[in-house]
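Each remark here refers to the structure printed beneath this line.
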Amino acid sequence: MAAAGAVGAVLVLGAAQRPVALAPTSGGLWEVSGAPGAKSPARLCLADPAFLAQFEHRGRQCTRVVVSDSAPTTVIRYTCVAGGFGQSKMTLITPRSIRIETQGISDDLPFNYVIQARRVGDCPALAARPH
């Protein structure tokens, strides 16, 4: 029974579960600044800002687990299918601004940095494509 309680303390982040600390946020167009080597902010269209936890591994298939979650901060640990992992501490500044301290291993090398994400609007509509 004690083991079941311990397992219950770790929350697997899925489509239906969002960290309490990020509840005031919403999906949309997010601008991320402060990434190492980036000359300009990255713009990402996200359904859920919790995906910013794996910014270093964006675009990769990863499993995320909420390690702790107490507003205004949540800690998310993730592991990616093709290799690499990380842990991010996400602090909600406002519903449109999040500070992310992230560290882990990417391409067999360690990373550790702080980025700032801010919601800048809705995602642009997809342009009509010829069929």
Side-chain angles (χ1 to χ4, degrees):
M1 195 93 117
V7 172
V10 175
L11 182 66
V12 175
L13 183 62
Q17 288 289 51
R18 290 192 68 201
V20 173
L22 300 180
T25 65
S26 62
L29 186 61
W30 286 80
E31 186 175 87
V32 179
S33 57
K39 294 181 186 208
S40 60
R43 287 190 163 212
L44 305 168
C45 185
L46 302 170
D48 184 349
F51 284 106
L52 290 166
Q54 68 178 65
F55 181 80
E56 178 69 21
H57 295 95
R58 61 193 174 275
R60 296 188 191 168
Q61 183 181 357
C62 304
T63 301
R64 290 168 303 283
V65 175
V66 176
V67 177
S68 67
D69 187 20
S70 179
T73 301
T74 188
V75 176
I76 298 173
R77 187 174 297 147
Y78 65 90
T79 304
C80 302
V81 174
F85 60 89
Q87 179 170 299
S88 297
K89 177 181 174 185
M90 302 178 74
T91 303
L92 185 69
I93 309 300
T94 71
R96 298 175 68 88
S97 179
I98 304 170
R99 174 185 161 91
I100 304 157
E101 301 168 50
T102 187
Q103 63 181 347
I105 300 292
S106 180
D107 297 325
D108 296 323
L109 296 171
F111 67 89
N112 183 0
Y113 55 87
V114 177
I115 53 178
Q116 182 73 28
R118 65 186 183 101
R119 189 178 188 280
V120 294
D122 294 329
C123 294
L126 294 175
R129 293 184 222 158
H131 294 282

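Bear in mind that the values here come from a model prediction, so they are computed numbers and not experimental data.
Between Phe111 and His57, the ring centre distance stays below 6.0 Å.
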Problem - Derivation of the side chain to side chain contact (heavy atoms under 4.5 Å, CB included) call for Thr73 and Met90 - result: CA-CA 6 Å; Thr73 301; Met90 302 178 74; over 6 Å; no
Handout entry: salt bridge (charged side-chain N to carboxylate O under 4.0 Å, His left out) evaluation trace for Asp107 with Arg60
Key = CA-CA 12 Å; Asp107 297 325; Arg60 296 188 191 168; 3.7 Å; yes
Handout entry: Stepwise side chain to side chain contact (heavy atoms under 4.5 Å, CB included) test for Val20 and Thr74
Key = CA-CA 8 Å; Val20 173; Thr74 188; over 6 Å; no
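A donor and an acceptor atom, one from each side chain of Tyr113 and Glu56, are located under 3.5 Å apart. In this structure, a donor-acceptor pair under 3.5 Å is present between the side chains of Arg77 and Gln87. Looking only at atom types and distance, the side chain of Thr25 has no donor-acceptor partner in the side chain of Arg119 under 3.5 Å away.
Remark: side-chain polar atoms of Ser97 are not paired, donor with acceptor, to backbone N or O of Thr94 under 3.5 angstrom. Distance alone, capped at 3.5 Å, places no donor-acceptor pair between the Gln103 side chain and the Pro110 backbone. Asp48 contributes a side-chain N or O that, together with a main-chain N or O of Ala50, makes up a donor-acceptor pair within less than 3.5 Å. Side-chain atoms of Ser88 come within 3.5 Å of backbone atoms of Ala53 as a donor-acceptor pair (strictly under, hydrogens ignored). Looking at Arg64, its side chain does come within 3.5 Å of a backbone N or O of Cys62 through a donor-acceptor pair.
Atom CZ of Arg96 has more than 12 neighbouring heavy atoms from other residues, nucleotides or ligands inside a 6.0 Å radius.
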